[in-house]
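Remarks on the structure that follows.
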Amino acid sequence: MTRFAVGDRVSCTYFPRWRGGRITPDAVDQPGCTLDGMLAEYASLDEEWAVRVPDHLTWEEAATLPCAGVTAWHALTGGEAVGPGRSVLTLGTGPVALFAVQFAKLLGCRVVATTSDERKADRLKALGADAVVNYRRTPDWSRTVRELTDGLGADLVVETGGPDTIEQSVRASALYGQIALLTTGTAERPGIEISHAAYASSLATIRRVFVGSRSRFEDMNRAVSAHGLRPVIDRVLPFEEAHRAYREYAAGGAFGKVVIGIGGADGS
């Protein structure tokens, strides 16, 4: 082993065989799917599958990075660059959306977020959102997003809602905006549909995003370290209550990640 030394704090990547560039069919293995998962006291990893954990993060905070963190980072940095003065739209308060708010602010963007909960609206603003739209009170929320972006629309939409939100996301997008599409179906709606009226009035690019490579994980960690960013955690449950953690997360309502701790109080 040459990439790490005894005592280094590391995390496994979501796609261990995807090191950089575009993913290839032979690199789609995933821990917890085609490979052994990480809900264990010990795990054996090839050194090429791991990345260093930012020093300032706890183990619980580091556990939020491989999937939600990298997905949000890839959504923001994997296409046409967004930066100071550009506008980013995030949807809801799921972990990817919250990371997207944090990363977009880190990149100097103006962030508009949506939620249906006024209490969560305040927390989104505290996290860095410049404006929050209540989509339950304003079903046609794309109009409000355009008003908040001087009529131009969002330069980038981090589309986490899929079938339930894609129509409004297209309408909220800038003429040459980007839509980073994460979800393409739900149990109730197995596919996405965009009306002719919405898409005919837009030249937006829809870009499919599914987590990211090891190099993106490492780039993200450098940004996290440089800015002292801390992930949002809703709650930490002990290893013995893993089933409860999954059930509670599936029930919705969490603001941030639900983490399963292993070992001591610090999650180590």
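Sequential numbering from 1 along the given sequence is applied to the chain's residues.
Counting heavy atoms of neighbouring residues, nucleotides and ligands inside a 6.0 Å radius, atom CG of Asp122 exceeds 12 of them. Remark: Arg208 CZ is packed, more than 12 non-hydrogen atoms of other residues, nucleotides or ligands lying under 6.0 Å away. In this structure, Glu41 places its CD atom where only 12 or fewer heavy-atom neighbours from other residues, nucleotides or ligands lie under 6.0 Å away. Other residues, nucleotides and ligands contribute only 12 or fewer heavy atoms inside 6.0 Å of the CZ atom of Arg143.
Using a cut-off of 4.0 Å between Lys/Arg side-chain N and Asp/Glu carboxylate O, Lys105 and Asp130 are scored as salt-bridged. Ion pair Glu118/Arg137 flagged as a salt bridge, since at least one NZ, NE, NH1 or NH2 atom sits closer than 4.0 Å to an Asp/Glu carboxylate oxygen. Using a 4.0 Å cut-off between charged side-chain N and carboxylate O, Asp219 and Arg216 make no salt bridge. One finds no salt bridge joining Glu167 and Arg189 here, because no Lys/Arg side-chain nitrogen approaches an Asp/Glu carboxylate oxygen to under 4.0 Å. Comment: Arg214 engages Glu48 in a salt bridge, judged by a side-chain N to carboxylate O separation of less than 4.0 angstrom.
Contacts classified as ring-ring contact (aromatic ring centres under 6.0 Å, His included) and involving residues 216-254 (residues at least two apart or in different chains) are not found. Applying the ring-ring contact (aromatic ring centres under 6.0 Å, His included) test to pairs two or more places apart or on separate chains, those with a residue in residues 153-212 are Tyr14-Phe210, Phe15-Phe210. Pairs passing the ring-ring contact (aromatic ring centres under 6.0 Å, His included) check and including a residue from residues 81-105, sequence neighbours excluded, read Trp73-Phe103, Phe99-Phe103.
Considering only residues two or more places apart in sequence or on other chains, Ala75 meets the side chain to side chain contact (heavy atoms under 4.5 Å, CB included) condition with Val158, Ala180. Under the side-chain hydrogen bond (donor to acceptor under 3.5 Å, both in side chains) criterion, Gln168 pairs with Asp140, Ser142, not counting sequence neighbours. The side chain to side chain contact (heavy atoms under 4.5 Å, CB included) test applied to Ala27 returns Arg17, Trp18, Ile23, Thr24, not counting sequence neighbours.
When hydrophobic clusters are built by joining Ile, Leu, Val, Met, Phe, Trp and Tyr residues whose side-chain heavy atoms come closer than 4.5 Å, directly or via intermediates, Ile192 is grouped together with Ile179. Under the 4.5 Å side-chain contact rule for hydrophobic residues, Leu182 and Val101 do not share a cluster. Side-chain heavy atoms closer than 4.5 Å link hydrophobic residues (I, L, V, M, F, W, Y) into clusters, and following such links, possibly through other members, connects Val70 to Val28. Linking ILVMFWY side-chain heavy atoms closer than 4.5 Å, directly or via other members, places Leu181 and Val82 in two distinct hydrophobic clusters. Hydrophobic clustering places Leu91 together with Val145 (ILVMFWY residues linked when any side-chain heavy atoms are closer than 4.5 Å, directly or through intermediates).
The shortest side-chain heavy-atom distance between Trp141 and Thr165 falls under the 4.5 Å cut-off. Put simply, the side chain of Asp8 does not reach to within 4.5 Å of the side chain of Val53, judged on heavy atoms. The side-chain heavy atoms of Leu65 and Pro231, taken from C-beta on, include a pair separated by under 4.5 Å. Taking the side chain as every heavy atom from C-beta outward, Ser87 and Leu152 never approach each other to under 4.5 Å.
For Thr64 (side chain) and Glu61 (main-chain N/O), a donor-acceptor pair under 3.5 Å exists by modelled atom type. Judged purely by atom type and a 3.5 angstrom limit, Thr114 uses its side chain to pair as donor or acceptor with the backbone of Gly92. For Asp117 (side chain) and Arg119 (main-chain N/O), a donor-acceptor pair under 3.5 Å exists by modelled atom type. The backbone N or O of Thr160 lies less than 3.5 Å from a partner atom in the side chain of Thr183, making a donor-acceptor pair. With Gln102 contributing its side chain and Arg230 its backbone, the two residues share a donor-acceptor pair below 3.5 Å. No donor-acceptor pair closer than 3.5 Å links the side chain of Thr138 to the backbone N or O of Tyr135.
Of all heavy-atom pairs between Val236 and Gly261, the closest is CG1-N, 4.1 Å. Among all heavy-atom pairs drawn from Arg86 and Glu80, the shortest one is NH2-OE2, 4.2 Å. A pairwise comparison of heavy atoms in Glu159 and Ser169 identifies OE2-OG, 2.8 Å as the closest pair. Of all heavy-atom pairs spanning Ala254 and Arg235, the tightest one is CB-NH2, 3.9 Å. The two atoms that bring Cys12 and Pro31 nearest to each other are SG-CG, 3.9 Å, heavy atoms only. Across all their heavy atoms, Arg207 and Leu156 have their closest contact at NH2-CD1, 4.4 Å.
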Quiz item: Please walk me through it: do Arg171 and Arg146 pass side-chain contact (heavy atoms from CB on, under 4.5 Å)?
Solution: CA-CA 9 Å; Arg171 292 180 180 275; Arg146 300 194 75 85; 5.9 Å; no
Exercise. Begin from the C-alpha positions of Val211 and Gln30 and carry the test side-chain contact (heavy atoms from CB on, under 4.5 Å) through to its verdict.
Key: CA-CA 11 Å; Val211 197; Gln30 303 167 48; over 6 Å; no
Self-check item: Residues Thr149, Leu89; criterion side-chain contact (heavy atoms from CB on, under 4.5 Å); working and verdict
Solution: CA-CA 10 Å; Thr149 54; Leu89 172 64; over 6 Å; no
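Here the straight-line distance linking atom OG of Ser202 with atom CD1 of Ile194 works out to 9.0 Å at 0.5 Å rounding. In this structure, Arg19 CZ and Thr13 OG1 are separated by 10.0 Å, a value rounded to the nearest 0.5 Å. Here OG1 of Thr184 is found 10.0 Å from CD1 of Ile166. Values are rounded to the nearest 0.5 Å. From Leu45, atom CG reaches atom CG of Asp36 across 10.0 Å, with rounding to the nearest 0.5 Å. Summarising the geometry, atom CG belonging to Leu237 is positioned 7.5 Å from atom CD1 belonging to Ile260; distances are rounded to the nearest 0.5 Å. Atoms CG and CE, on Leu106 and Met220 in that order, are 11.5 Å from each other to the nearest 0.5 Å.
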